2 protein chains.
Amino acid sequence: MPKSEENPDHREASGVEDTVLGNLIGYRMKRAYMQIQPEAQRVLAEDDLRVVSFSCLSIITDNPGIVQSELAEALQMERSNLVVVIDELEDRGLIARKKVPTDRRRYALTATLRGRRLRDRAALRVRQVEDAVVGCLDAEDRARLMAVLERLEARRAR
Amino acid sequence: MPKSEENPDHREASGVEDTVLGNLIGYRMKRAYMQIQPEAQRVLAEDDLRVVSFSCLSIITDNPGIVQSELAEALQMERSNLVVVIDELEDRGLIARKKVPTDRRRYALTATLRGRRLRDRAALRVRQVEDAVVGCLDAEDRARLMAVLERLEARRAR
DNA sequence: TATTGTTATACTCTATAACTATA
DNA sequence: TATAGTTATAGAGTATAACAATA
């Protein structure tokens, strides 16, 4: 019976046997992510933000003048799906669209003061719920996790 | 200007500034996961499997006689969403449903020989694409990553 | 001709409520 | 009364094609 070297067969807490799935990084990553995502979603919802709108607001705040194509590329999402998100942020007065004089196809996006403040507050609260979830890791484990995740992501240019 | 201790402000490869989002574990985890997931999806599709059907087939293979409620719980999904997946695996002759004599509400699920063989082959191929993605990590980093992800997941019982 | 923002649309995934048959 | 499996459905999230305005 083939056993994996790094994680021998074991019964999960639930009592369900799992020789294969649990040794796949994708599976483990999704399940770990699912510990964090609903918590982040919940606190962001208290400010009427979705994860995607918080992400947009955050990138716009840090990159005043960014245009929608660039934002879509930064967040790895489709331009078309960005439109409604940007519409809503603008309607709520959190960001502003300004036509770029030198290229009138493009809209320069900037966060308003309200937008920047909301971003800062929301980021703090997301950080707090992450701290709670990740509380079982010490600072070193956490830093190492972040570094490894960044390296996996950087692999994209292959 | 507040800077994070563990990851100072920096320009991403794309040239987009990112003071906040990039320091959130949830964001990093999602982006790292997105390096693996499409690759896994692609190789599984070659065997006409989705990630969820592979996961079901895998758990059923390792747990002959498991019933749908237990499977749903193990994979943290809704019973109702499991039905079509199980239907398809059964139609393809990869698993069998057998009424449990002692409780005729329940179906005992078992993988057929074909199902077990497909699972083993698919698992190997998923493992290969994961190895390719994660090739930038040495064995120790990889083992540590898996261990940390497991600890985050285990936090569920809080 | 190519690109930006936009609209419409479709497809997947997930969540909920309600039904049936059994217990 | 509660549970297992099922159905239908609605809501997200995501992907694609096509269009108008502009380069």
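Chain naming here is simple, since letters A, B, ... match the order of the sequence lines and numbering starts at 1 in each. Worth saying up front: this structure is predicted, and the values here are computed from it rather than measured. Computed from heavy atoms alone, side chains included, the values below leave out hydrogens, waters and symmetry copies.
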Taking the side chain as C-beta and beyond, is there a heavy-atom pair between A:E150 and B:R28 under 4.5 Å? yes
How close or far is atom P of C:dT3 from atom CD of A:E70, stated in whole angstroms? 14 Å
Any B:K30 side-chain nitrogen or oxygen under 4.0 Å from OP1 or OP2 of D:dG13: no
Could you state the CD-C1' distance from B:Q41 to D:dG13, rounded to the nearest angstrom? 13 Å
Side chains of A:K99 and A:Y107: donor-acceptor distance under 3.5 Å anywhere? yes
Atom-to-atom span, CZ of B:R42 to P of D:dA15 - whole angstrom: 16 Å
Separation of atom CG in B:L71 from atom C1' in D:dT6, rounded to whole Å: 15 Å
Selected nucleotide, minimal atom distance to A:E78 side chain, candidates C:dC13, C:dT16, D:dA15: D:dA15
Remember a base hit wins even if backbone is also touched, and classify B:V52 as base, sugar-phosphate or nothing at under 4.0 Å, heavy atoms. nothing
Do B:V52 and A:L21 land in one hydrophobic cluster if side-chain heavy atoms of ILVMFWY residues count as linked below 4.5 Å? yes
What integer distance in Å separates B:Y33:OH from D:dT14:C1'? 14 Å
A:R97 and A:Q68: side-chain donor and acceptor closer than 3.5 Å? yes
Expected list for residues 79-87 of chain B near DNA chain C, using heavy atoms below 4.0 Å, is B:S80, B:N81
Tell me the interatomic distance from A:Q37, atom CD, to C:dT14, atom C1', rounded to whole angstroms. 11 Å
May I ask you to verify if any side-chain N or O of A:Q68 is less than 4.0 angstrom from the OP1 or OP2 atom of C:dT6? yes
Give a yes-or-no answer on whether the side chains of B:S69 and B:R79 include a donor-acceptor pair shorter than 3.5 Å. no
Between A:R116 and A:T61, is any side-chain donor less than 3.5 angstrom from a side-chain acceptor? no
Would you say A:D138's side chain and A:D141's backbone share a donor-acceptor pair under 3.5 angstrom? yes
Sub-4.0 Å heavy-atom contacts from residues 99-111 of chain B onto DNA chain C, ordered by number: B:D103, B:R104, B:R105
In the structure I gave you, are the side-chain heavy atoms of A:I86 and A:I60 within less than 4.5 Å of one another anywhere? yes
For B:E90 and D:dG5, what is the distance between atoms CD and P respectively, to the nearest whole Å? 13 Å
Establish, from distance only, whether the side-chain atoms of A:Q41 and A:R50 form a donor-acceptor pair under 3.5 Å. no
When rounded to whole Å, the CZ to C1' distance for the pair A:R97 and C:dT6 reads 9 Å
